[in-house]
Amino acid sequence: MKRAIIRTLKVLAIVFLTVMVLLGVLVFVLNTSSFQNKLMRHSTQLLSEKLQTEVSIDSVSVGFFTQEILLRGVHIEDQQHHPMLEIGLLKVSLEWLPLLRKEVHVSSATLKGLKAVLYQPSPEEPANYQFVIDAFKKDKATVDSVQTTEEPDSLPKKKLELNVKTLEIEDVSLTYNGNQVSLAQFAYHRTFFGDNECKLKKLEAAFDRKTKKGEERCTVGIAELKLNGTDTKGLVKFSGLHFANDNHLPRKNKGKPNRSAFDAGHLDIKANGLIDVSYFGKDTLVATFKHFDAIDPVSGIEIKKITLGLKANKREAHLDNVAIQLPNTTLQFDEARLQLPSKKEGRKLSYSTSPITGNVLLKDISKPFAPVLSKFSIPLSLKVTMNGDDSGMDFRDISVKTTDSKLTIAARGHIRNLSDKYGLAIRFDVSQMKAKKGIAEKIINQFPVKKFMMKQLDALGDITYKGDLAVLWRKEEFQGKLATAVGNLDFHFALDENNKYVSGTANTEELELGKAFDMKELGAIACSANFRFDISKPRTAVMRKKLGGKLPIGDVEADIKEVTFKGVKVRNVISTIKSDGAVANGNITIKGKRVDLLCSFSFTNTESIKSKLKVKPGMKIHGLSDDDKAAKEQKKLQKQQEKAEAKARADQDRQARKEAKALRKQQEAEEKALRKQQEAEEKALRKQQKAAEKERRRQEKEKEKLLKRRGNDLNQD
């Protein structure tokens with residue numbers, strides 16, 4: 001029995017040694033370069049036959065002891081025999097045992113010198129890489145059909161899991177239909193504790209995109225990106241984020257130094273930022289933007305710093321503690337709500353904010369949007385509440401004032417049809433504006449324009465204004481009531497940029513022009529006037545070339561109801577002036593019961609003639625002939641007709657004001673209802689979040705109690 005056992009052990013030892021020797025020989029053979037090169041040639045030949053194209057690999061090295069696979073010089077052509085994919089170096093270190101569990105554990109992977117040229121001539125034609133996808137799709141379909149036939153009742157097949165600890169990628173260049181992407185370096189490492197460390201350097205992309213104005217070339221890049229954290233949270237830091245585009249058209253301000261520099265077709269923006277991601281899931285993002293800055297030196301856009309908190313999902317986003325800092329401007333608001341757009345769900349973009357407050361220096365926006373504000377250095381205090389959608393914006397509770405409160409403005413307004421420049425409408429209703437003496441001149445001095453009538457402006461004293469303004473397609477309108485220390489004035493001015501005319505009306509019941517113009521002989525005046533002037537440079541240039549004049553081109557009509565001059569009251573003065581640019585002809589008529597005093601004059605100002613004034617007095621006596629009587633009767637009828645028309649217009653104006661007032665009340669009611677609805681929604685949301693947080697804390701306490709109970713039970717056992 002003992003001998004049998006010894007003999008059996010000897011046989012088993014011989015078998016074991018034989019197997020070990022065979023395995024050693026096999027491993028030795030597999031690690032030889034000749035075997036691996038033969039295997040490489042066979043594999044590339046099979047792959048070439050399968051893909052029906054040229055596939056080559058310069059060298060292959062498989063280390064069974066080092067658990068490492070190394071490929072050099074991989075070349076794959078498309079079916080037109082053009083280079084499609086090149087890989088300089090691919091090095092992968094695997095763990096063999098997890099492969100038995102259908103898990104791929106990559107301890108380290110390195111990819112260098114990747115170059116791919118991909119293209120698709122048209123949407124109807126296949127891409128040059130489609131044959132690779134089709135070839136492996138067929139194999140997958142065949143395998144799936146065999147498994148379904150042979151094992152109809154088998155359990156679902158376990159998916160292949162991939163676990164990468166370290167990944168390094170360098171020198172990547174991808175081209176797709178002329179669009180290019182390049183990457184200098186990417187490194188990823190998963191630490192022992194499960195944290196992710198990522199670092200990216202010099203990622204750049206260049207592509208063409210179609211716009212309404214044609215194609216434009218865009219470049220996007222980032223100099224460096226760092227990410228540290230887990231799969232659901234972490235810290236993201238980026239620098240040198242860059243976006244530039246070129247629509248192949250001249251910049252809008254080329255040759256126009258007084259035009260704003262911002263041009264959406266020529267951007268060159270660089271940005272840096274630091275983001276603390278508290279949670280990142282499939283549909284949820286909670287993060288804090290600790291820092292963000294951006295600059296476009298060509299257009300003049302410069303954002304020094306933005307900080308905010310963000311909670312977002314697929315439907316909406318909430319911002320809190322938002323702070324925006326420009327070179328000399330700071331703005332902040334507590335919260336904002338955004339409804340994110342979705343074509344699939346029929347949802348449009350909408351947003352609302354809490355009151356936005358801050359200190360503003362208008363010269364910060366001068367270069368990109370308003371060069372005329374380049375020297376505006378008066379600090380202003382701003383407060384406004386906003387809401388809107390992708391087609392319009394509403395501004396409520398607007399408050400603007402200087403730091404010394406010498407200028408205060410209270411207003412409200414809206415912008416409509418943002419996507420249609422022809423239908424764009426901007427309207428603001430100024431409920432109150434107060435300008436104390438001296439501030440108007442100070443504001444005018446901020447603008448690089450010629451200063452006229454500054455002394456007369458100072459004589460107006462404190463100024464208050466109530467009215468509205470509208471900016472439509474190439475048309476601006478201003479109207480309202482102006483109250484000053486020397487009297488009140490109702491006005492309506494319009495700038496028609498389509499037809500190139502400026503026109504307006506003015507009316508006053510009592511305005512002391514003598515005080516305003518420092519003319520003691522001239523007293524209070526009650527009058528109405530209207531004017532219209534041509535501002536078309538081509539039209540006025542033709543007239544000036546033809547006549548050589550320097551005067552404005554237009555006409556003025558004034559009806560002076562009453563004026564006091566040197567203690568004498570004069571009533572019913574009618575004046576008309578018409579100018580063709582070279583000569584201004586005017587008529588003044590002082591109507592009396594029996595005699596009209598007439599005065600006609602002409603004023604000439606041309607290149608060849610010095611300024612010259614001609615005056616011709618006249619007189620017209622009433623009631624000397626039947627023609628005069630007929631004219632008087634006709635005038636009476638005309639006056640009655642004008643009175644009736646004036647009454648009708650007054651009735652229409654009253655009705656229009658009544659309707660406008662009703663409309664404003666309706667809008668205020670709608671806005672009030674909207675605010676209440678938004679407040680209710682926000683309150684309900686906060687309540688829901690509070691309840692969810694309470695429920696989460698309760699569940700956590702329950703879990704802690706359960707774990708504690710289980711721990712006690714284990715201790716007892």
- Given the rule in the side-chain hydrogen bond (donor to acceptor under 3.5 Å, both in side chains) test, do Q446 and S377 qualify, once you have shown the distances and angles that lead to the verdict? CA-CA 7 Å; Q446 303 297 304; S377 57; 3.3 Å; yes
- Inspect the contact between D496 and K475 and indicate whether a charged nitrogen and a carboxylate oxygen are less than 4.0 angstrom apart. no
- Report yes or no: does R259 contribute a side-chain atom to a donor-acceptor pair with the main-chain N or O of F369 at less than 3.5 Å? no
- Task: Verify side-chain hydrogen bond (donor to acceptor under 3.5 Å, both in side chains) between E509 and N488, making sure each step is shown before the conclusion.
- Result: CA-CA 8 Å; E509 294 300 322; N488 301 333; over 6 Å; no
- Query: So does Q678 have more than 12 non-hydrogen atoms from other groups sitting under 6.0 Å from CD?
  - Reply: yes
- Query: When you look at CD of Q688, are more than 12 heavy atoms from neighbouring residues, nucleotides or ligands closer to it than 6.0 Å?
  - Reply: no
- Query: Would one find more than 12 heavy atoms of other residues, nucleotides or ligands at under 6.0 Å from atom CZ of R532?
  - Reply: no
- If you measure from CG on N530 to CG on D555, what distance do you get to the nearest 0.5 Å? 7.5 Å
- Message: Please confirm whether the ring centroid of F478 lies under 6.0 Å from the ring centroid of Y465.
- Response: no
- Check whether more than 12 heavy atoms from other residues, nucleotides or ligands sit under 6.0 Å from atom CZ of R427, and answer yes or no. no
- Go through H266 and N245 one step at a time and tell me if the side-chain hydrogen bond (donor to acceptor under 3.5 Å, both in side chains) criterion holds. CA-CA 5 Å; H266 295 272; N245 64 335; over 6 Å; no
- Task: Could you go through the salt bridge (charged side-chain N to carboxylate O under 4.0 Å, His left out) check for R416 and D394 one step at a time?
- Result: CA-CA 9 Å; R416 296 288 182 266; D394 287 276; 2.9 Å; yes
- Task: Salt-bridge test for E668 and R412: reply yes if a basic N is under 4.0 Å from a carboxylate O, no otherwise.
- Result: yes
- Full working for side chain to side chain contact (heavy atoms under 4.5 Å, CB included) between D534 and T540: CA-CA 7 Å; D534 191 342; T540 55; 4.1 Å; yes
- Output yes when E302 and K304 qualify as a salt bridge under the 4.0 Å nitrogen-oxygen rule, no when they do not. yes
- Message: Please report the interatomic distance OG1(T564) to CD(E510), rounded to the nearest 0.5 Å.
- Response: 9.0 Å
- Task: Taking the six-membered ring for Trp and the full ring for Phe, Tyr or His, determine whether the centres of F533 and Y501 are under 6.0 Å apart.
- Result: no
- Task: Take R675 and N387, measure what side-chain hydrogen bond (donor to acceptor under 3.5 Å, both in side chains) needs, and give me the verdict at the end.
- Result: CA-CA 10 Å; R675 286 198 300 273; N387 67 276; over 6 Å; no
- Does CZ belonging to R347 count more than 12 external heavy atoms closer than 6.0 Å? yes
